[in-house]
Amino acid sequence: MVDIFSRQLDTPGMKSVLFVLNSPTGGAALSAKAIMKELKERGYKCYVVCPPNNYHSPESVYGGVAEEVVSLFMRSWDQQYRAYWLKRPALFAYYMLKTRAHFRPVSTIIKLIKKWDIDIVHTNTALTLDGAIAAKITSTPHVWHIRETIGKSELRRWPIPEPMLATIFEALSTRIIANSEFTARFFIRNGARKKLQTIYNGITLDDFSPQAQDTRGLRTEWKVSQNEILFGMVANITSHFKGHDLFIQAGSDLIKSGIDAKFALIGFDPAQQSGYKSDNSYAQSLRKLVRDLDLDSHIIWAGYQDNIPAVMQALDVLVHPCEHESFGRIAAEAAASSKPAIVARGGGIQEIVEHDVSGYTVTPKDIDGFAEAMKSLAINPALRTAFGVAGRQRSETYFSLDKCVDDVEMLYRSL
């Protein structure tokens with residue numbers, strides 16, 4: 001497959017791809033950036049349209065990968081159900097006015113499709129509608145990459161019936177990529193499987209080998225001795241649904257059982273970011289929980305880390321209690337680093353971690369279950385090693401970047 005579809009760069013075909021992103025950072029953006037890097041090596045020209053945020057400009061993130069990058073305000077079209085219900089109409093009206101009912105971003109993308117002579121529009125998230133509409137108007141093949149769990153009972157919801165929503169996705173797509181079988185279930189149960197294909201996110205495996213990283217650097221910085229077990233959770237401290245509180249509570253139970261361990265919370269932390277203006281009550285509640293459990297000496301507030309391979313080499317075990325992940329890239333990165341993971345039995349992440357083979361899957365929200373799994377790995381270094389070896393083998397089979405981009409490129413060529 002690689003020789004036919006990936007390496008013959010002189011083969012005529014589609015070579016210019018416009019990636020429409022919903023954010024310059026985050027797991028979905030990291031996966032898209034990795035695909036772009038590999039496509040560039042294979043002779044493709046990648047372009048990016050992305051809304052800015054307060055801390056990272058799209059140009060700074062993708063400037064070295066994409067031919068050109070354009071910052072463009074685009075609003076998610078899913079239901080803003082987390083906002084207070086009285087605010088929702090006002091939010092809807094504000095964003096409709098700012099985007100001129102999507103006309104402004106759609107018309108801009110149409111101009112860019114023509115300017116850059118785009119062959120394929122690749123929308124990188126279910127949350128962004130504008131690229132799909134622009135592709136439809138210009139008759140450009142459109143790949144809609146679904147990286148969220150969507151539906152009436154999931155984190156991402158729309159104020160329309162599921163079958164109608166699935167029909168919209170299908171009508172505005174030439175092909176639909178789901179990043180896990182769990183993500184694909186929405187389309188299957190709503191009769192929209194004709195254009196659907198599951199392609200797991202890809203990891204650059206060489207980056208995560210122990211030989212590629214200093215295995216002591218972060219542990220020294222975090223004041224973790226080689227005799228202490230270091231558990232880590234990687235998720236922004238602003239993400240309410242990730243389960244940081246469960247990680248902290250399970251860690252407290254572990255300490256009470258006599259295990260010498262530390263617990264690193266790795267991810268954007270508003271307390272460490274001057275000028276952060278959004279609500280950080282969730283982060284404050286986590287700090288209060290740590291104080292109430294008398295756990296301060298065991299917790300590491302590591303903040304945002306841009307070298308995830310180094311983070312993985314520093315950890316002994318990854319813990320990820322969130323059951324709402326559509327894929328769970330961080331678990332694949334742990335596996336690629338030969339590190340065991342303890343995850344919630346739910347979402348796409350359970351397709352990455354094979355229970356009792358490369359880690360443990362635990363009933364969601366079960367504090368005792370997580371604490372018991374953590375204790376099992378803390379007292380058994382041989383088991384940690386065995387799980388790590390199995391995880392690395394699983395990564396090489398299912399989650400390599402080469403396999404991911406081979407599948408994406410084959411899909412492109414099928415258009």
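Below, each value reflects all heavy atoms present in this structure, side chains not excepted, and no hydrogens, waters or symmetry copies.
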Are side-chain N/O atoms of Ser414 and Arg175 paired as donor and acceptor at under 3.5 Å?
yes

Heavy-atom check, side chain of Phe268 versus side chain of Thr25, under 4.5 Å
no

If you measure only the distance, is there a donor-acceptor pair under 3.5 Å linking the side chains of Gln249 and Asp245?
no

Find out whether Ile176 and Arg193 are in side-chain contact, i.e. whether some heavy atom of one side chain is under 4.5 Å from a heavy atom of the other.
no

Would you please name every residue forming a side-chain contact (heavy atoms from CB on, under 4.5 Å) with Thr198, sequence neighbours left out?
Ala178, Glu181, Ala184

Between the side chains of Thr238 and Tyr282, does any donor sit under 3.5 Å from an acceptor?
no

Going by atom type alone, with no hydrogens or angles, which donor-acceptor pairs under 3.5 Å involve a side-chain atom of residues 289-305 and a protein atom two or more places apart or on another chain?
residue, atom, partner, partner atom, Å
Asp292, OD2, Lys288, NZ, 2.8
His298, ND1, Ala261, O, 3.0
Gln305, NE2, Ala302, O, 2.9

Are the aromatic rings of Tyr62 and Phe19 close, with centres under 6.0 Å apart?
no

Could you tell me whether the side chain of Phe387 reaches within less than 4.5 Å of the side chain of Val317, counting heavy atoms only?
no

Residue pair Lys256 / Ser252, side-chain heavy-atom distance below 4.5 Å
yes

Tell me whether Arg345 contacts the main-chain N or O of Thr361 through its side chain, where contact means a donor paired with an acceptor under 3.5 Å.
yes

More than 12 heavy atoms of other residues, nucleotides or ligands under 6.0 Å from NZ of Lys195: yes or no?
yes

Is the closest side-chain donor-acceptor distance between Ser57 and Ser60 under 3.5 Å?
yes

Applying side-chain hydrogen bond (donor to acceptor under 3.5 Å, both in side chains) as the test, list every pair that has at least one member in residues 315-336; sequence neighbours left out.
Ser31-Arg329, Asn179-Ser326, Arg219-Asp316, Lys242-Glu325, His320-Glu325, Glu323-Lys365, Arg329-Glu333

Looking only at the side chains, is there a donor atom on one of Thr183 and Glu148 sitting less than 3.5 Å from an acceptor on the other?
no

For the residue pair Leu196 and Phe186, establish whether any side-chain heavy-atom pair is separated by less than 4.5 Å.
no

Do Glu170 and Lys194 meet the salt-bridge criterion of a basic N to acidic O distance under 4.0 Å?
no

Sidechain N-carboxylate O distance under 4.0 Å for Glu354, Arg394
yes

Would you call the rings of Tyr412 and Tyr44 parallel, tilted or perpendicular if under 30° counts as parallel and over 60° as perpendicular?
tilted

What I'd like to find out is whether the side chain of Pro24 reaches to under 4.5 Å of the side chain of Asn53, using heavy atoms alone.
yes

In the structure I gave you, are the side-chain heavy atoms of Glu67 and Cys46 within less than 4.5 Å of one another anywhere?
no

